[in-house]
Number of protein chains: 2
Amino acid sequence: MTVEEGRRPVLADVARVAGVSHQTVSRVVNGADHIRPATRDKVLAAIDELGYRPNTTARALVRGRSGIIGVVATAAVEFGTASIERTIELAASEAGFLATSVNLPELTPKAFARAAEHLRTLGVEAVVMVVGHDEALRLARAQTVGVPVVIAQGDLGEGAAGVGVDQVAGSRAATRHLLDLGHRAVVHVAGPLDWAEARARLEGWRATMHEAGLAAEDPLVGDWSSQSGYEAGLLLRDRPDVTGVVAANDQMALGVLRALHETGRRVPHDVSVVGFDDIPEAGYLLPPLTTVRQDFAAIGRRAVETVRHLVDGGSPEPAPLLVPELVVRESTAPPTRPRRTPA
Amino acid sequence: MTVEEGRRPVLADVARVAGVSHQTVSRVVNGADHIRPATRDKVLAAIDELGYRPNTTARALVRGRSGIIGVVATAAVEFGTASIERTIELAASEAGFLATSVNLPELTPKAFARAAEHLRTLGVEAVVMVVGHDEALRLARAQTVGVPVVIAQGDLGEGAAGVGVDQVAGSRAATRHLLDLGHRAVVHVAGPLDWAEARARLEGWRATMHEAGLAAEDPLVGDWSSQSGYEAGLLLRDRPDVTGVVAANDQMALGVLRALHETGRRVPHDVSVVGFDDIPEAGYLLPPLTTVRQDFAAIGRRAVETVRHLVDGGSPEPAPLLVPELVVRESTAPPTRPRRTPA
DNA sequence: ACCGTGAATGTTAGCGTTCACAATCGTCGC
DNA sequence: GCGACGATTGTGAACGCTAACATTCACGGT
């Protein structure tokens with residue numbers, strides 16, 4: 001609000017102007033007790049006059065805390081991951097942390113080692129993993145000794161800290177929806193099975209099918225990309241009985257949509273398709289995609305809360321799972337003429 | 001590589017082990033000249049033995065440089081923005097910087113003021129704007145006095161530093177493509193006109209149309225979202241003569257695709273559609289979308305290079321524009337029966 | 001009036017680095 | 001064979017802040 005006078009003012013400058021010791025200024029800035037109101041006002045006035053702003057670096061140094069949270073993600077830009085990162089950054093800054101991301105160009109131990117090295121030199125106080133990849137998670141816990149690792153999405157086995165999303169419930173809802181519509185031959189296009197989310201979604205589908213007394217075998221497996229969904233969709237050429245598809249994410253669902261179209265099957269007339277995530281485009285695909293919406297913002301927020309808790313010395317506490325929600329659009333409908341799965 | 005012994009080793013620890021002064025260790029770490037090879041080896045051995053890693057915070061403090069680059073983006077997750085951010089983070093870390101993003105939940109001066117305040121307390125050394133929004137850019141230059149502002153995408157008017165993408169050329173290529181196919185009535189679905197990219201793309205379309213002696217009036221204006229593209233597409237109901245659409249991004253193109261489908265016009269049989277950006281899903285839409293690909297990674301990389309240059313005291317230098325590339329897919333085809341625009 | 005007590009403020013040390021300035025050492029020229 | 005000069009290494013003081021430990025002051029109880 002005021003003129004710049006060459007260099008940035010420091011605590012001592014404020015102290016001089018306010019006629020108090022630098023320590024008193026520090027107390028005011030940090031909201032300590034036992035400050036006479038008159039003194040506080042003088043200091044605040046001086047701060048305002050000089051446009052003082054505490055030096056984060058110096059503070060970090062003396063406190064022995066960097067205030068940095070490392071976020072580990074894949075290099076591929078996916079809607080969910082990106083949303084979570086955004087929210088983490090926001091929540092972190094509100095909590096007085098600084099979030100920074102590091103990307104894994106590929107899911108190899110080497111790539112991860114590089115990332116971990118980077119996080120270490122940064123002196124991060126905690127790591128949030130937004131990749132649910134098993135090996136990456138394992139390495140994260142092994143290599144970032146000393147700092148808490150929080151898992152956003154993914155499997156929270158063995159007392160690991162993280163944000164749980166009930167992927168199984170989401171996948172169940174999707175499958176249930178198709179069964180309720182009357183479908184019987186419902187296949188699953190899974191994500192890579194070394195991702196916990198992929199396994200959970202597979203599991204939800206399988207369990208629901210079994211409970212309905214239906215076969216749930218040979219899921220098609222993709223890699224989260226539209227391309228892989230497309231390829232999986234083409235394989236359905238050999239499965240004319242199939243009338244329902246549950247894809248483990250929207251990108252793959254979108255690829256399936258295209259493959260079905262190319263192979264002459266109409267959606268939802270001949271085949272119904274459900275996705276997962278509810279990407280912003282989902283409602284504008286042809287046809288608009290029924291999908292399972294996840295609250296990515298909530299995941300990010302909770303991840304930061306957990307980080308806060310752990311950094312303050314807390315121990316991992318199980319939090320209630322976030323439950324994703326089915327969003328029904330036009331890509332699902334009752335089967336035109338019910339068929340039964342071949343014996 | 002070695003055991004942890006309670007606290008993190010510091011320069012002095014290494015010095016003691018190596019039997020030299022802390023300054024010598026500092027020199028080795030920073031690759032200074034005039035170190036006897038034998039000494040250097042001793043020091044390196046000690047570093048390795050202790051697993052020493054310089055403390056970024058202390059270094060930042062004494063150097064008077066935070067090493068932090070602030071990246072300003074909108075809160076909406078768009079493919080382009082997100083890709084650029086990823087690359088910036090990567091390039092920044094390679095250049096010894098730490099990138100962190102701050103998001104604008106809305107494009108208001110107030111939201112921006114908050115963001116700027118955050119960047120200021122962080123002590124960022126430079127700001128990279130990945131929003132091409134005029135007002136945001138103006139505020140960025142006004143409010144972050146002292147630190148260089150680099151614009152990734154967007155208008156680089158008046159000696160502003162940034163990464164130039166030849167949006168006009170991209171848009172021209174898209175329009176040209178449709179004209180070459182034989183289309184005459186080609187409309188544009190523009191982005192919000194307070195974004196420089198949107199204006200440039202509009203301009204490329206308009207100029208190309210004019211050069212071909214065709215009318216280029218009343219662009220439809222969206223807000224980058226699929227929703228707005230969809231709404232724009234519905235308006236085309238009243239324009240049966242239109243056989244070509246150039247959308248200012250892929251999301252809007254996707255919305256147009258859907259609107260055309262709903263209003264009974266086939267793509268590309270009745271209408272050809274071109275998008276902009278080449279989102280990963282573009283090739284799997286119905287039909288696969290012809291679009292203009294931007295090299296977002298290059299944008300991010302260049303942005304960081306520019307930051308480096310400016311932080312070292314350089315002055316903004318004009319760099320060659322990046323030229324986007326047309327990717328032809330199935331959403332464009334020659335018009336079935338050529339029409340002329342109504343008089 | 002004296003001391004204890006707690007509130008309010010000040011003083012002194014660092015935190016782990018780098019910078020600026022010595023100090024030391026060897027080697028070369030004459 | 002001595003001083004110079006450059007190469008090499010060391011010493012002390014910051015950087016801006018907070019933690020820990022004084023110190024000062026006012027006031028109530030005895």
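To find a chain, count down the sequence lines: A is the first, B the second, and so on, and within it residues start at 1. What you are looking at is a predicted structure, and each value in this text was computed from that prediction instead of being measured. Values below: every heavy atom of this structure, side chains too, minus hydrogens, waters and symmetry copies.
Between B:I47 and B:V29 there is a side-chain heavy-atom pair separated by less than 4.5 Å.
Which of D:dG16, D:dT18, C:dT18 sits closest to the side chain of A:R63 comes down to D:dT18.
A:V14 and A:V43 make their closest contact through CG1-O, 4.1 Å (heavy atoms, listed as atom of the first residue, atom of the second, distance). B:L119 and B:V102 make their closest contact through CD2-CG1, 3.4 Å (heavy atoms, listed as atom of the first residue, atom of the second, distance). For the residue pair A:T87 and A:R301, the shortest heavy atom distance occurs at CG2-N, 3.9 Å.
The base of D:dG10 sits within donor-acceptor range of the side chain of B:R27, with an N or O pair under 3.5 Å.
Remark: A:V20, A:S21, A:H22, A:Q23, A:T24 in residues 10-24 of chain A come within less than 4.0 Å of DNA chain C through at least one heavy atom. A heavy-atom distance below 4.0 Å to DNA chain D is reached by these residues of residues 28-41 of chain A, ordered by number: A:N30.
For the pair A:R59 CZ and C:dG16 C1', the computed distance is 19 Å after rounding to whole Å. Protein atom CG of B:N55 is 6 Å distant from nucleotide atom C1' of C:dG16, rounded to whole Å. Taking atom CG on B:L61 and atom C1' on D:dC17, their separation rounds to 8 Å, with Å as the unit.
Side-chain nitrogen and oxygen atoms of B:S26 include at least one within less than 4.0 Å of the OP1 or OP2 phosphate oxygen of C:dT18.
Salt bridge annotation for B:R114-B:E117: absent, with no cationic side-chain nitrogen under 4.0 angstrom from a carboxylate oxygen. In summary, B:E89 and B:R86 do not engage in a salt bridge, as defined by a charged side-chain N under 4.0 Å from a carboxylate O. Salt bridge status for A:R308 with A:E305: absent, with no side-chain N to carboxylate O gap under 4.0 Å.
B:F296 and B:F79 have their aromatic ring centers within a separation under 6.0 angstrom.
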